[in-house]
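For the single chain, residues carry numbers from 1 onward in sequence order.
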Amino acid sequence: MSPAPLTDDLLHGLRARVRGRVVGAADDGFDLARAVWNGMIDHRPGVVVRAAHPDDVAPTIAFARAHGLDLAIRGGGHNVAGNGSVDGGVVLDLGELTAVEVDAERCTVRVAAGATLAHVDAATARHDLAVPIGVVSGTGIAGLTLGGGLGWLTRPHGLAADNLLSVELVTADGERLTVDDTHHPDLLWALRGGGGNFGVVTAFTFRAHPLGPTVLGGNLVYGVERWREAWTALREWTRDLPDAMTTITTTLTPPALMEAGDEPLLIVGFAWADADRAPARALVDALRSRAAPDVDDDVGEVSWLEWQSAFDPAFPRGVRAYWRNTSFDRLDDDVIEVLVRRGAEQRWPGTAFDVHHMGGAFGRVPQAATPFPGGTPGSGSTSTGSGPTPPTTTTASASSAASPTTWRPSRRAGST
């Protein structure tokens, strides 16, 4: 059926059914309510419902269905593709539902669907615990988990989705479900990395792991002329890497805020998540001996909360961003050649690609256990382009879009 026009009477009826604020297109604060993290996304929904309680979810779904309106669900609003908004329809914004409850004795964490990674880390760190989540603290926990969830604890403990124990969910019919290994296990399987459209999750319960309050972390930085040497060294170094060590390697044309010049850099970032630091220091020394970095950037003890927010300045709210990703199961000479060539061609400030070394606990998850493609000790790459202005973003986006296409011969099944 055709969508109904959102008259004042319709919005008045919706306001009577929910506790949260209902923001129509003519209301004060509408532009702020409709804005998402990615400045390239400029959707104009018909109405934004800012849920104040999980009870607001079912009436909002019913309203959208009754009037033939598209419905977008927003958690943290950090989805780069803008899936948390929609033109002309209803946005159900869960961003005010941010409660995090830690059961330190059972090592479980219940997280409301509007919470960000910063909310989760702040709550768990008080108990020297951590949930495996992402690397930018403003990211919403909901979208990250439902899409898989890579981060600095992927090798020690798997994806965020691998540590998901249960969810509280509202179906399209308005029914509230508790979903776990006993109740609706097929739905739980789908929610562990399968993306969206299975219902509206209002809360997640995760398994947490001992960590903290610090990790051993650092960055080894290489100029362009050293990249082939560095990648070859990384290939050998990562063959038998202990689970406690996670590396994320970034090829980056520095944005101005880094004050690092305008030449592309290769940054090998790593974090060690075991209390015994001696093996980590020996591993870092071994990598240095294989490929001495041009800059040895403060390798040592760092607060977990500080490490988890270290990328934040590069991803401010309102930045114009375009991302693509792929994955591959080898790092042979042909792949290294592509990484070096594409990195050297990437000359626009803010463009980058990350390579996450996988394996460890992630690699031991059976392929059929979740919908997320994995189960092998390969690597995943995300190409990113971002900038403050449209011309910069257009050029950066073209570079980001080209990178996964270039790597297509090396991609493994399940890549996007």
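- In summary, R281 and D276 do not engage in a salt bridge, as defined by a charged side-chain N under 4.0 Å from a carboxylate O.
- Pairing each heavy atom of P156 with each of T246, the nearest pair is CD-OG1, 3.3 Å.
- Between the side chain of T7 and the backbone N or O of L10 there is at least one donor-acceptor pair closer than 3.5 Å.
- In this structure, the side chain of R207 does not engage the main chain of L165 through any donor-acceptor pair within 3.5 Å.
- Side-chain contact between V355 and W231 is present, with heavy atoms from C-beta onward closer than 4.5 Å.
- At a threshold of 4.0 Å, the pair D31-R44 counts as salt-bridged, since one of the basic side-chain nitrogens sits closer than that to a carboxylate oxygen.
- For the pair R110 and V100, the minimum side-chain heavy-atom distance is 4.5 Å or more.
- Rounding to the nearest 0.5 Å gives a distance of 8.0 Å between OG1 of T232 and CG of L331.
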Identify every side-chain donor-acceptor pair in residues 13-27 under 3.5 Å, counting partners at least two apart or on other chains, and give the distances.
from, atom 1, to, atom 2, distance (Å)
R15, NE, V22, O, 3.4
R15, NH2, V22, O, 3.2
R15, NH2, D27, OD2, 2.8
R19, NH2, D55, OD2, 3.2
R21, NH2, D28, O, 2.7
D27, OD2, G24, N, 2.6

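- No donor-acceptor pair under 3.5 Å is formed between the side chain of E236 and the backbone N or O of R290.
- Counting non-hydrogen atoms of other residues, nucleotides and ligands closer than 6.0 Å to NE2 of H12 gives a total of 12 or fewer.
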Worksheet item: So L159 and L150, side-chain contact (heavy atoms from CB on, under 4.5 Å) or not? Walk me through it.
Response: CA-CA 6 Å; L159 304 172; L150 297 169; 3.3 Å; yes
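- A distance of 6.0 Å separates CG of L241 from CG of L283, quoted to the nearest 0.5 Å.
- Between E345 and R341 there is a salt bridge, since at least one side-chain N of the basic residue sits less than 4.0 Å from a carboxylate O of the acidic one.
- For the residue pair P54 and L97, the shortest heavy atom distance occurs at N-CD1, 4.2 Å.
- Listed for the S85 side chain is no donor-acceptor partner under 3.5 Å among the backbone atoms of G82.
- Residues L129 and V102 have side chains in contact (heavy-atom distance under 4.5 Å, counting atoms from C-beta outward).
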Discussion item. If you apply the rule side-chain contact (heavy atoms from CB on, under 4.5 Å), what do you find for I267 with T249, and how did you get there?
Written reply: CA-CA 6 Å; I267 304 171; T249 304; over 6 Å; no
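- Around CG of D8, the count of heavy atoms belonging to other residues, nucleotides or ligands within 6.0 Å does not exceed 12.
- Put simply, the residue from D333, D332, D240 that forms a salt bridge (charged side-chain N to carboxylate O under 4.0 Å, His left out) with R235 is D333.
- Counting only heavy atoms from C-beta outward, the side chains of D181 and L188 approach each other to under 4.5 Å.
- Once rounded to the nearest 0.5 Å, the distance linking OG1 of T171 with CZ of R176 reads 11.5 Å.
- Atom CZ of R106 sits in a sparse spot, with 12 or fewer heavy atoms from other residues, nucleotides or ligands closer than 6.0 Å.
- H78 contributes atom NE2, which lies 14.0 Å from atom CG of N83 (distance to the nearest 0.5 angstrom).
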Discussion item. Between V111 and H119, is the side-chain contact (heavy atoms from CB on, under 4.5 Å) condition met? List the steps.
Written reply: CA-CA 9 Å; V111 184; H119 292 118; over 6 Å; no
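- At distances below 3.5 Å, not a single donor-acceptor pair connects side-chain atoms of R155 with backbone N or O atoms of A361.
- Taking the charged nitrogens against the carboxylate oxygens, R65 and D173 do have a contact shorter than 4.0 Å, which makes a salt bridge.
- Considering only heavy atoms from C-beta on, T247 comes within 4.5 Å of W237 through its side chain.
- Tested against V215 for a side chain to side chain contact (heavy atoms under 4.5 Å, CB included), the candidates W304, W272, F270 yield a single pass: W304.
- Listed here is the closest heavy atom pair of P132 and N163: CG-ND2, 3.4 Å.
- Of the residues V47, V170, V49, the one that meets the side chain to side chain contact (heavy atoms under 4.5 Å, CB included) test with T60 is V49.
- Among L117, V135, T116, N79, the single residue meeting the side chain to side chain contact (heavy atoms under 4.5 Å, CB included) criterion with L144 is L117.
- Smallest separation of non-hydrogen atoms from A113 and A142: O-CB, 3.5 Å.
- Between the side chain of D312 and the backbone N or O of S137 there is at least one donor-acceptor pair closer than 3.5 Å.
- Residue pairs meeting the salt bridge (Lys or Arg N to Asp or Glu O under 4.0 Å) criterion with at least one member in residues 66-78, sequence neighbours excluded: R74-D93.
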Worksheet item: When you look at L234 and L287, which way does the side-chain contact (heavy atoms from CB on, under 4.5 Å) test go after all the steps?
Response: CA-CA 7 Å; L234 276 167; L287 180 57; 4.2 Å; yes
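- Side chain to side chain, E301 and T214 meet the donor-acceptor criterion of an N or O pair below 3.5 Å.
- Using a 4.5 Å heavy-atom cutoff, the side chains of Y222 and T251 are not in contact.
- A donor-acceptor distance shorter than 3.5 angstrom exists from the side chain of T139 to the backbone of V136, with no hydrogens or angles considered.
- For the pair C107 and H209, the minimum side-chain heavy-atom distance is 4.5 Å or more.
- Across all non-hydrogen atoms, the minimal contact from Q367 to F372 is NE2-O, 4.0 Å.
- Using modelled atom types, one side-chain atom of S303 and one backbone atom of E306 make a donor-acceptor pair closer than 3.5 Å.
- At least one side-chain heavy atom of L220 sits under 4.5 Å from a side-chain heavy atom of V299.
- In this structure, the separation between CG on D121 and CD1 on I141 is 8.5 Å, given to the nearest 0.5 Å.
- Note on ring orientation: taking the six-membered ring where Trp is involved, the planes of W152 and F311 are tilted (angle from 30° to 60°).
- Across every non-hydrogen atom of V91 and P45, the tightest pair is CG2-CB, 3.7 Å.
- Here CG of L146 is found 12.0 Å from CZ of R192. Values are rounded to the nearest 0.5 Å.
- Using a 3.5 Å distance cut-off with no hydrogens or angles, the side chains of H157 and D243 do not pair a donor with an acceptor.
- Under 3.5 Å, the side chains of H183 and D180 contain a donor-acceptor pair of N or O atoms.
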